[in-house]
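Right, one structure below, let's go through it.
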Amino acid sequence: MTVHFVGAGPGAPDLVTVRGADLIARCPVVIFAGSLVPRVVVARARPDARVLDSAGMTLDEILAEMREAHGRGEDVARVHTGDPLLFGSTAEQMRRLDALGIPYEVVPGVSSFTAAAAALRRELTVPGVSQTVILARAAGRTPVPEGQDLASLASHRATLALFLSARRLDEAVAALAPAYGRDCPAAIVHRASWPDERVIRGRLGDLAALARAEGIDATAMVLVGPALDAEGFPASRLYAPEFGHAFRAARTEGEG
């Protein structure tokens, strides 16, 4: 018996990996984070499966279900939104499973930050503009460690992907603006890949007002950084003819 932590992807049921979808369809117990994972994602569960929404459950209750399934010799698909190892509260579950001696594995998923970038049709690592992406969140009920506050992270002027921060955009903008500037490109992608996906482009200084105008306070990815509307940037060296690598020899001018 194994607990399979499955990344459900950002929302669209066809953005679950093949491995993850197979596990959801096969496991006799499916526990999904219903506050963020659409029920359609777990609709592929077998008819006799025990399907539980963990939105109203405590950690002890979730672990009790896993322990009981283990006693019955049944596999569990523990389905989390996006990728389960990013802001998924999976570490505390895995720690408890280690203590109980219950085996588990992790099946990665498509993160909401990559789904948001896809919706924007923007590369987050543009040559000469940003070669770093920072995944972070505004401090809330879960505090951030010293030195990882948004003002400190903003000093790098990297592409910033903010999770779980749609309700704290006024604070986030105030922390980020001194380093990025209020005119820095920014975007909110609400429910990326869902049927009702919304993409809002703007500037950092306007972000909180845009979110309020659209009634967005949850299930949104916030992206900030010059890469979001970079123009005139240098091409990468990967495809330059004079740049050789293990798969292609460098070519001199005039060679075909």
Side-chain angles (χ1 to χ4, degrees), residues 1-13 15-17 19-113 115 135 137-144 162-168 190-194 196 216-221:
M1 174 273 166
T2 301
V3 173
H4 307 272
F5 288 96
V6 175
L15 284 180
V16 183
T17 65
R19 183 183 300 181
D22 286 347
L23 284 166
I24 294 170
R26 175 175 65 78
C27 288
V29 179
V30 177
I31 306 174
F32 73 106
S35 58
L36 292 170
V37 176
R39 188 168 284 272
V40 66
V41 171
V42 296
R44 51 173 56 92
R46 58 195 239 188
D48 62 338
R50 179 171 172 78
V51 180
L52 301 167
D53 182 351
S54 65
M57 299 170 69
T58 65
L59 179 61
D60 284 341
E61 290 168 340
I62 294 168
L63 266 294
E65 290 288 343
M66 293 176 177
R67 190 168 57 247
E68 290 170 12
H70 179 70
R72 297 190 299 266
E74 296 177 344
D75 279 10
V76 176
R78 176 62 173 121
V79 185
H80 281 268
T81 186
D83 185 279
L85 300 185
L86 289 174
F87 301 103
S89 299
T90 50
E92 59 201 56
Q93 297 173 66
M94 293 188 286
R95 178 175 60 189
R96 293 279 293 273
L97 291 173
D98 283 333
L100 293 168
I102 296 175
Y104 59 87
E105 69 158 353
V106 180
V107 179
V110 176
S111 174
S112 57
F113 89 91
L135 311 181
R137 62 169 297 174
R141 283 184 294 182
T142 300
V144 299
L162 281 182
F163 291 70
L164 306 169
S165 301
R167 288 196 177 102
R168 297 180 174 85
H190 181 243
R191 293 161 73 98
S193 86
W194 295 49
D196 57 349
I216 295 172
D217 64 0
T219 329
M221 175 59 58

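Note that the coordinates shown come from a computational prediction; the quantities given were computed from them, not determined experimentally.
Of all heavy-atom pairs between T17 and P108, the closest is CG2-O, 3.5 Å. Residue A220 comes nearest to A166 through the heavy atom pair CB-CB, 4.2 Å, listed as atom of the first residue, atom of the second, then distance. Minimum interatomic distance between G56 and E61 (heavy atoms only, all atoms of both residues): O-OE1, 4.1 Å. Residues I102 and R67 share a closest heavy-atom pair of CD1-CA, 4.0 Å.
The distance from the CE atom of M1 to the CE atom of M66 is 7.5 Å, given to the nearest 0.5 Å. If you take CD1 on I62 and CE on M57, they are separated by 5.0 Å, rounding to the nearest 0.5 Å. Between the CG atom of L63 and the CG atom of L100 there is a distance of 6.0 Å, given to the nearest 0.5 Å. Rounded to the nearest 0.5 Å, atoms CZ (R141) and CG (L164) are 10.5 Å apart.
R44 pairs by the salt bridge (charged side-chain N to carboxylate O under 4.0 Å, His left out) definition with nothing, not counting sequence neighbours. By the side-chain contact (heavy atoms from CB on, under 4.5 Å) test, A139 is found to be paired with V144, residues two or more places apart in sequence or in another chain being considered. The salt bridge (charged side-chain N to carboxylate O under 4.0 Å, His left out) check on R72 picks up E74, with sequence neighbours excluded. Every residue meeting the side-chain hydrogen bond (donor to acceptor under 3.5 Å, both in side chains) condition with H190, not counting sequence neighbours, appears here in chain and number order: R198. V106 pairs by the side-chain contact (heavy atoms from CB on, under 4.5 Å) definition with F5, P84, L85, M94, not counting sequence neighbours. Every residue two or more places apart in sequence or in another chain that forms a salt bridge (charged side-chain N to carboxylate O under 4.0 Å, His left out) with R46 is listed here: D48. Checked against salt bridge (charged side-chain N to carboxylate O under 4.0 Å, His left out), R50 has the following partners two or more places apart in sequence or in another chain: E65. Applying the side-chain hydrogen bond (donor to acceptor under 3.5 Å, both in side chains) criterion to S165, with sequence neighbours excluded, gives no partner residue.
The shortest side-chain heavy-atom distance between T142 and R137 falls under the 4.5 Å cut-off.
Applying the side-chain hydrogen bond (donor to acceptor under 3.5 Å, both in side chains) rule to pairs touching residues 98-109 yields H4-E105, D98-Y104, sequence neighbours excluded. Pairs passing the salt bridge (Lys or Arg N to Asp or Glu O under 4.0 Å) check and including a residue from residues 84-97, sequence neighbours excluded, read D60-R96. Within the structure, every pair that satisfies the ring-ring contact (aromatic ring centres under 6.0 Å, His included) test and touches residues 73-94, not counting sequence neighbours, is listed here: F87-F163.
One side chain, S54 or R78, offers a donor N or O that lies under 3.5 Å from an acceptor on the other.
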Check: residues 19-42 side-chain donor-acceptor pairs under 3.5 Å, at least two apart:
from, atom 1, to, atom 2, distance (Å)
R26, NH1, D75, OD2, 3.3

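Judged by distance alone, the side chain of S193 and the main-chain N or O of A12 form a donor-acceptor pair under 3.5 Å.
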